[in-house]
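Here is the structure we will look at, set down as C-alpha cells.
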Amino acid sequence: MTKIVVVTSGKGGVGKTTTSASFATGLAMRGLKTCVIDFDVGLRNLDLIMGVERRVVYDLINVVNDEIKLTQALIKDKQLDKLYILAASQTRDKDALKQEGVERVLEELKAMEFDYIVCDSPAGIETGALMAMHYADEALVVTNPEVSSVRDSDRILGMLSSKTKRAIEGGEPIKEHLLITRYNPNRVEGGQMLSLDDIHDILRTPLIGVIPESESVLQASNQGTPAIHLAETDVAEAYKDVVARFLGEDKPMRFTEAVKPSWFKRVFGGK
Amino acid sequence: MPFGAVPNRPAETPRLNSRPFEGWLGQMADNTRENGGRKAAARTGAFELKSRRFSLLGLVLHSADMAEIAADWAERAGAGGFEHEPVVIDLTAVPRASAAAVAAGQAPLALDGPAPVDLRAIVELLRASQLQPVAVAGATPEELALAHELGLADAADEPAAERTAPIEAVREVIVERIVEKPAAPVPTMIIDKPLRSGQRIYAKGGDLVVLALVNHGAEVIADGSVHVYAPLRGKAIAGARGDITARIYAHSLEAELLSIAGIYRTAENPLPAEVAGKPAQVLLDGEKLLMQPLSF
C-alpha cells in the first residue's frame with residue numbers, strides 16, 4: 001500500500017528540500033521503493049540537492065499535462081536502485097499544477113507499487129503547497145526553532161487538518177509529524193532560539209526528530225548529495241533516526257518520548 | 001515568554017467602533033463549522049406550520065351587480081382553461097356608498113345602501129370555471145360572515161396578491177399556537193480539535209466551547225460566551241452581536257485580543273499577572289473589561 005508523505009512548512013528556507021531528499025533517500029536505503037516529487041514548480045531545487053540536475057529532461061508538469069509517459073520523467077538515482085526523482089519544471093509556474101493531473105500522477109505511481117511517495121512542498125500556502133499536501137497520508141512539518149517559522153508551521157498544520165482530501169472527505173486525519181531542523185542547543189541555552197519545550201507547547205504535534213544546525217548540510221547541497229549520505233555526520237545520523245522513527249509506526253509516541261533525550265546525549269555528549 | 005517582551009503601557013480598554021466587528025461577522029458564515037452539534041434540530045413532528053407567501057390569482061371586482069359580473073365573466077373568461085388555481089376574491093375596488101357621502105345628504109348610488117356582493121354566486125361562478133376560491137379581501141362584516149360560511153378565509157385589507165392564508169390554517173386554530181412558541185435555544189458549538197493560526201470559528205447565536213488549543217492567529221467568536229479549556233492564545237470575541245452579559249473563560253489566558261460586545265483589549269497591554277497564563281474569566285463591567293482569576 002503506497003503511502004504519500006508531504007514535507008511542508010509554510011515558511012521558506014527551513015529545510016524542506018534538504019529533508020525531502022534525505023528522508024526519501026533514507027527510505028530507499030532501507031529497501032523501500034520511494035519516489036520523491038518536487039512540487040516547487042518554477043523554483044526547482046530538489047534535482048540539485050539530489051545531484052540529478054543534468055539528467056532532467058521531462059518534469060512533473062509534462063506528466064501532469066499528459067504530454068509524456070510518467071516513466072519517461074522518472075529519474076532513477078545512481079546509488080540507490082529503489083529511489084526515483086520527479087523534478088519540477090523551471091519554466092512554468094504553480095498554476096500549471098492541475099488537481100486532476102496531480103491525482104493521476106500519484107495514482108500511476110501507486111500502480112507502479114511504490115512504497116512511499118515523498119512530496120516536497122514549496123513554501124507558502126498557495127496552489128503549489130496545497131497541491132503537494134492534498135493527497136497526503138502523512139506529513140512532515142519542518143520547523144526552525146524561531147517564532148515566525150513556528151507560527152507558519154501552525155498555519156500549515158491548520159491547513160493539513162482542513163484543506164486536504166482526507167479533511168474534506170472526513171476520513172482519518174493526516175498523521176502529522178513535527179521535524180525541527182537547524183537546532184542549536186547552545187543557542188537555545190543562550191535564549192536565542194526556542195527550546196523543544198517551547199515549540200511543543202505551541203504546536204502540540206508529535207516530534208519525529210531534531211536535526212542539528214550543521215555546516216555539513218550546506219556542503220551536501222553544494223555537492224549534490226543528500227545529507228543523509230554524509231557518513232558519520234550528526235545530520236546524517238539524525239535523519240537516519242527520523243526514518244527509523246517514521247517506520248516504527250506502531251509506537252510512535254514511545255519513540256519520540258524516549259529516543260529524544262538519549263539521542264541528545266549521543267550527539268552532544270550529554271547535558 | 002517565547003514571543004518577546006510586550007511594551008509596558010497603562011492598561012486601557014478602548015471602545016471599538018463597531019465597524020471592524022461587523023466586517024468579521026460578514027465573513028463568518030462561511031467559516032462556521034458544520035460539525036460540533038450545530039446541526040439544526042431534526043424533524044420535530046409529522047408537519048410544520050410555517051409562514052409562507054404564495055402567489056395567487058386575485059379576482060378584482062369593479063361592480064357589485066351579479067348580472068353584470070356574470071355576463072362579463074362569460075364573455076371574457078367563460079372559455080375556462082383554468083386548472084383549479086386558488087383565487088382570492090378582492091372586493092376592495094367594489095364601488096360602495098361611503099358614510100361621508102350619505103351624511104352629506106348626497107344620493108346613494110344604490111337604492112338600498114351599500115349592496116353586499118353575492119359571494120355565493122361568485123364562488124359558484126368560479127368553481128364552474130375550474131377555479132378554487134380560497135379567501136376574500138376587502139369584505140364588509142356582512143360579506144365576511146358569508147365568506148366564513150362558504151369556507152373562505154379573510155385576506156384582510158392587504159391586496160389579495162400580497163397575503164392570504166390557506167383554508168387549513170384558519171380551521172386548525174389550535175395548531176396555530178405552535179408557531180407562537182419561542183424558538184428552540186441555539187445549541188452550544190463544541191470544538192475538540194486545535195485551532196491554529198488562520199482558523200476561525202464562529203458560534204452564531206450561542207456559546208462556543210473549545211476543548212483544545214487556540215493558537216496565535218486563530219479566532220474564536222461567539223454571539224454568547226467563549227469557553228476555552230486549554231491555552232487561549234489567539235483572539236477571543238464574545239457577545240459578537242452586542243450581548244454585554246457574554247463572558248470569556250480560559251484555562252490559560254494568553255489571548256492576543258479579548259473582546260466582549262465590542263469592548264476590546266489587545267496583548268499590547270500585558271495581561272495582569274494574576275490572570276496571565278492562568279485560569280481566568282473576562283467579563284464586562286460597564287465600559288471596562290474585568291479579568292478575574294478562577295480557582296478550582
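Here is how names work: the chains are called A, B, and so on, in the same order as the sequence lines, proteins then strands, and each is numbered from 1.
In this structure, Asp154(A) contributes its side chain and Arg196(B) its backbone to no donor-acceptor pair below 3.5 Å. Side-chain atoms of Asn215(B) do not come within 3.5 Å of backbone N or O of Leu203(A) as any donor-acceptor pair.
Ile199(A) does not touch chain B: none of its heavy atoms, backbone or side chain, sits under 4.5 Å away.
For Asp201(A) and Arg233(B), the salt-bridge test passes: some basic side-chain N is under 4.0 Å from an acidic carboxylate O.
Shown here for Leu213(B) and Ile202(A), the closest heavy-atom pair between the two residues is CD1-O, 3.4 Å. The shortest heavy-atom contact between Gly198(B) and Arg155(A) is CA-NH1, 3.6 Å.
Counting heavy-atom pairs closer than 4.5 Å to chain A, the top-ranked of the candidates Ala212(B), Gly217(B), Pro231(B), Ala218(B) is Pro231(B).
With a 6.0 Å radius and a threshold of 12 heavy atoms from other residues, nucleotides or ligands, Lys163(A) has its NZ atom at or below the threshold. Heavy atoms of other residues, nucleotides or ligands lying less than 6.0 angstrom from CD of Glu215(A) number 12 at most. Shown here is Leu283(B), whose CG atom has more than 12 heavy atoms of other residues, nucleotides or ligands within 6.0 Å.
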Evaluate the side chain to side chain contact (heavy atoms under 4.5 Å, CB included) criterion for residues Ser161(A) and Lys193(B): first the C-alpha distance (whole Å), next the side-chain angles of each, then the deciding distance (0.1 Å), finally the verdict. CA-CA 9 Å; Ser161(A) 65; Lys193(B) 293 204 181 94; 5.5 Å; no
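We find the OG-CG distance between Ser197(B) and Asp152(A) to be 7.5 Å, quoted to the nearest 0.5 Å.
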